[in-house]
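Structure, as structure tokens:
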There are 2 protein chains.
Amino acid sequence: MAVNAGQAPAGVPDPPSGKRLPAAERRRQLIGIGLQLLTERPLGEITVEEVSRRAGISRGLLFNYFPTRRDYHLAIIRAAMRRMSRIAEPPEEVAEDMRVKVVIERFVAFLERRRDPYVAIIRGVAGGDAEVAEIYAESRNLLVGVVLRALGRRPTPALELLVAGWLGFVEETVLTWVNRPVMPRHELVRLLERALLAIVERRTAPRDLPNGPAA
Amino acid sequence: MAVNAGQAPAGVPDPPSGKRLPAAERRRQLIGIGLQLLTERPLGEITVEEVSRRAGISRGLLFNYFPTRRDYHLAIIRAAMRRMSRIAEPPEEVAEDMRVKVVIERFVAFLERRRDPYVAIIRGVAGGDAEVAEIYAESRNLLVGVVLRALGRRPTPALELLVAGWLGFVEETVLTWVNRPVMPRHELVRLLERALLAIVERRTAPRDLPNGPAA
DNA sequence: ATGCCTTGTTGAGCAGTGCTCAACGGAGCA
DNA sequence: TGCTCCGTTGAGCACTGCTCAACAAGGCAT
């Protein structure tokens, strides 16, 4: 409310922002502001008023770039998800047998650092919102692919289901652990890896041989 | 919007609702309406206007019972969570070695039936919202207790962490499975149980004997 | 330069929503 | 008959999402 207590229309824009930016750049600026604000509070509390004030533009202009507040929020979520996938993305030059561990470590680190905005996205808007759920599912599929590749396993529907579930396990575990670190970090990572291996162990189909066919 | 298209102040109240209910009953009625609406859309889209219209009262009256819209929402969440815990609650007369399976089956059934409202609660409001997160954590701890009791294991911080994580695993798995049932139901339950047993297997502390102390 | 056109930008203003508050009125009781 | 709770009302304020007609700053042809 009384952030800078300025009644002047200047209102302390975040970048001095001469004026009349090219469309693409203004879009990026607005999304950037949204991402920044998202680290402080949930999407639902990010008002058009504040965003436009920070951008140094009028409220009306925002609706020239995003037809609705909802669309603006979707754009922010998309950007945040892209960022997350990129961060957890494969380590490349890491040795085969260490990939899983590295992926987990990166994901844990990400959840640790960006806990609030992540929670704000994942748990903050997805409810009953088809489009957001779709964006979330899309990004989660990306992560599933990353994990499967790190595991060196070919994707099958059942395996994808298991890994997706494991991601939920990681989310919940890490988020709980952050609030109450009942064990050192490396142990948590080991635990997550053990769980993953146990969950995707080769014998999900009960009618096959217990050792799996042709290991 | 044009639900019943009535301009008359009567507005089709849900129960004919004579008038002047005792306070406690009115509270229950309002929360009940909220729970019902929650099955149709996320909390954020449940407006005071609609609730009061359905209750056949004025908008102002709602604020006599809940000082703020947020408080009203919190009350709804609390009620929904209580309901959920009660449903998954221990089966009592079930044989020891079947308890885990039964709990899982009940939880899966719950997620299947009330998928939308559950998602609307769990993922719908928790973001960046300390109080909601607390309610959620509280209710999740209840479930952790249920599972641990079904397992016949004494609660320790590490075990609680694991089971909480497993609940996340169940959530994610079941919710994904509902959209794309890549395996029959009983197999999913079996899978969830296997995952739980694998996750809480007795050797979480790496410095102890691999068999655990004094099994 | 001059006028024109594209296009980013504005600001007043409407509608809807959360919330407040002074006043109302029916039920019970002396 | 009058008094007093207490559940209830409804006007109204502040704020926010959103619209729209008008504006102004370059670039382009003349």
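Every heavy atom of this structure was used, including side-chain atoms; hydrogens, water molecules and symmetry mates were not. Sequence lines set the chain letters: A, B, ... in the order given, protein chains first and strands last, and positions in each chain run from 1. Please read these numbers as outputs of a predicted model, since none were measured by experiment.
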Check the distance between [N]'s [atom2] and [X]'s [atom1] and give it to me in whole angstrom.
| X | N | atom1 | atom2 | value |
| --- | --- | --- | --- | --- |
| A:Leu43 | D:dG17 | CG | P | 12 Å |
| A:Glu49 | C:dT10 | CD | P | 13 Å |
| B:Leu62 | D:dG7 | CG | P | 14 Å |
| B:Glu25 | D:dC6 | CD | P | 17 Å |
| A:Phe63 | C:dG8 | CZ | C1' | 17 Å |
| A:Arg69 | D:dT19 | CZ | P | 14 Å |
| A:Arg28 | C:dG8 | CZ | P | 16 Å |
| A:Arg26 | C:dG8 | CZ | P | 11 Å |

Using a cut-off of strictly less than 4.0 Å, decide whether [X] has a side-chain nitrogen or oxygen near OP1 or OP2 of [N].
| X | N | result |
| --- | --- | --- |
| A:Tyr72 | D:dG17 | no |
| A:Thr68 | D:dC18 | yes |
| A:Tyr65 | C:dT9 | yes |

Next item on the list: Would you check, one step at a time, whether the test ring pair (Phe, Tyr, Trp, His ring centres under 6.0 Å) holds for B:Phe169 with A:Phe169?
Entry: CA-CA 4 Å; B:Phe169 174 78; A:Phe169 174 78; 7.0 Å; no
Give each protein N/O atom lying under 3.5 Å from an N/O atom of nucleotides 27-29 of chain C, with the pair distance.
none

Checklist line | Basic-acidic side-chain contact under 4.0 Å: B:Glu138, B:Arg78 | finding: no
Margin query: A:Tyr65: which residues meet the ring-ring contact (aromatic ring centres under 6.0 Å, His included) condition with it, sequence neighbours left out?
Written below: none
Check: Has B:Arg59 got more than 12 heavy atoms of other residues, nucleotides or ligands less than 6.0 Å from its CZ?
Finding: no
Margin query: On DNA chain C, compare the nucleotides closest to A:Ala23 and B:Leu61; which residue's is nearer the 5' end?
Written below: A:Ala23
Notebook entry, point to check: In chain order, what residues pass the side chain to side chain donor-acceptor pair (under 3.5 Å) check against A:Arg28, with sequence neighbours excluded?
Noted result: none
Note to self: Classify B:Thr47 by what it touches in the nucleic acid, base, sugar-phosphate, or nothing, heavy-atom distance under 4.0 Å.
What the structure shows: sugar-phosphate
Check: Under 4.0 angstrom, heavy atoms only, what part of the nucleic acid is A:Phe66 near: base, sugar-phosphate, or nothing?
Finding: nothing
Item checked: First of A:Arg59 and B:Asn64 reached from the 5' end of DNA chain D, by closest nucleotide -> B:Asn64
Notebook entry, point to check: About how many Å separate CG of B:Leu161 and CZ of A:Arg180, when rounded to the nearest 0.5 Å?
Noted result: 8.0 Å
Notebook entry, point to check: Hey, what do you get for CG (B:Leu38) to CG (B:Leu43), rounding to the nearest 0.5 Å?
Noted result: 5.0 Å
